[in-house]
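All remarks here apply to the structure that follows.
Note on naming: letters A, B, ... go to the chains in the order of the sequence lines (proteins, then strands), and numbering restarts at 1 for each one.
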Amino acid sequence: MKTLYCLFFRILLTVLFVIATPLMLHAEKRIGVIMTGDVPYYRIIHETFVAEFNKRTVGDEKIEIILQRPFPNSISWSNAARKLIAFDVDLIVTYGSPATQAVIHEKSSIPLVYAGLYDSDHAAVTGKNVTGCGFKVPLSSIIRYFKRIKPIDTLGIIYSGIEEDSVRQYETIRELAEQQDIRTEKIDIRLRGDLDKLKTKKRDAVFITGSSLAHLWLDDIISILRKEQVPSADIFPDSSEAGVLMTLYQPPHLQGERAAEMAAEILLGKKPGDIASHTFRETELVFNLLEARRLEITFPIHLIIEATRVIK
Amino acid sequence: MRKNPLTAYTFFKNFITRLLLCLFFVTAVPVSASDRTEELLIGIEPEHNIFEQMERYRFLASYLSDQLGLKVNLTIMSRYGEVIKRFKSLKLDGAFLTSYTATLGIKELGLEPIANPVNLNGEATSQGYIFVRKDSGIHDVKDMRGKSIIFVDPATMEGYLFPLAYLNRHGITDITEFFNRFSFSGSHASTIFAVLDGRADIGTAKNTVFSKLVRSDPSILQELYVIAQSPKVPEITLCIKNEIDEDLREKLSAVLLHMDQTPHGQKVLKHFEALRFVKSNKSDYDKIEEMALEARASIAEHGKNR
């Protein structure tokens, strides 16, 4: 009888241990983060997100942030999303449209906060577990500034057909250009070899959409464009000053801060559906006069004064 | 008072100051006390593209020199509203002034308004606009709370005084508290580009510059929405010092008012981008003073604060 009691007691201890272990693990909350691509724009959002989030949760229970930086393609985004769902993280944060859509596609019940999404009102990222912030840059201004520095008959548009937000930007600027009788040429970058498309035709200027792939290879793109003496414009900041002639961008750190605020609220129990999404619209305009000199472009003085910052 | 001023504003101010120093030495140095009667020094307030502006005024100065039989020199002031200081320090004889500075000049210096140019649309007046991007979600004053606004210059009716009066009429007396950020661009065109780009949510500028930009790029009209318009006021006025000989003042006025009646005068007007000049009326500036009162600051106080 005593042996039976001992056996029962041991089984009970084992069962209690098995039950308690995951509970102990769950005492530490985990946030999974997916960048659409490991590019400076999303890195700035993430750095600000972490700093702001730590500020907001100081003294609270330990929170682990698991960062996924997949190479930009559909399979990698999907794998990153599945991995975080399998980890059973408490919250997923995504930067950029493809990563966000990969998570939504998995139909998980884990709350999702997105950031770095272009024109999020048109990005099909709604859901009761989803909230976040995005940005919008008036692409018409890019055309306007190009036209103020040189005649534009043909505009090349670098985008990536596998990145949903990049495609939307391509379509928007194509429409705007056509309204002004500017021919457009689409340059779809999916593989490094696609950069050779930049060498085949002559165009007056090139617009670089917010594609992760394009920004992974931004130095190569600029190097080709420089040889062809073609000016470029971008809606992501040229953080490394690779040589984009003008950038009109929404400061990414603001999105990192807002995403952190949303994440903290969700972990405190607020439902994502109760947190309104937000689109940032304030922009900064940067002219690279060093690059202008290389391209033998003269910026009129009354144009330079429009810039928030000038690289010289 | 200024919060987060645009770098462009500072750059613009510095650039104009330097340029003006050069222009001043080129044009104004020959003027001396002994030959004041043989020369007139006329000031101009800066526009967005001062090179184009100088070109336009150069033809007019040359025409006036020929017609009056004396040398008419021009000097661009470094910014709006510098008129009071420059009239005193540089001994300007007159100036082409925008509505607000003309009002200041008439009130504080006793300047005589002589004539107003009529622009190519047949208007001698301008209005202030308060505008936003159509996709901004801003439809009225209550939507403006917490947003950013960009003015032109504290010494402009269209670009500062009118929006302040308008906001005041809607119960907004403290713009520092009401807006997330406010700044000055230094020119009407710059405020329009700032709003188009998203560098500011709300802009203020005069309708004539707005229309000129729309004519050169009609897509602008598809993107901007004008929320409010000010009453019409004289856009540019040639104001002359009272100390200038009355005969000369009358002669100057006659030359300007009749220049559209001669082929030479018409050619000069074309370069100047005007159809003709019309006689100024002092009472036209009363409504600007009323607007200043509505903004709870007298024009003189604005002048002192600058």
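Of the candidates A:R148, A:K147, A:R144, A:R144 is the only one forming a salt bridge (Lys or Arg N to Asp or Glu O under 4.0 Å) with B:D217.
One distance of note links CD of A:E284 with CZ of B:R199; it measures 10.0 Å at 0.5 Å rounding. From B:S190, atom OG reaches atom NE2 of A:H302 across 9.5 Å, with rounding to the nearest 0.5 Å.
Residue A:K128 places its NZ atom among 12 or fewer non-hydrogen atoms of other residues, nucleotides or ligands, all under 6.0 Å distant. Heavy atoms of other residues, nucleotides or ligands lying less than 6.0 angstrom from NZ of B:K270 number 12 at most. For A:R293, the CZ atom sits in a loose shell: 12 or fewer heavy atoms of surrounding residues, nucleotides or ligands are nearer than 6.0 Å. Heavy atoms of other residues, nucleotides or ligands lying less than 6.0 angstrom from CD of A:E175 number 12 at most.
Contact annotation for B:D197: both backbone and side-chain heavy atoms come within less than 4.5 Å of a heavy atom of chain A. Both the backbone and the side chain of A:L285 come within less than 4.5 Å of a heavy atom of chain B. For A:Q179, the part sitting under 4.5 Å from any heavy atom of chain B is the side chain, from C-beta outward, and nothing else. Using a 4.5 Å cut-off between heavy atoms, A:Q180 touches chain B through its side chain atoms alone.
Counted by atom type alone, A:S140 and B:E223 present one or more donor-acceptor pairs between their side chains at under 3.5 Å.
Closest approach of B:G198 and A:P138 over heavy atoms only: N-CG, 4.1 Å.
Below 4.5 Å, heavy atoms of chain B meet no heavy atom from residues 230-246 of chain A.
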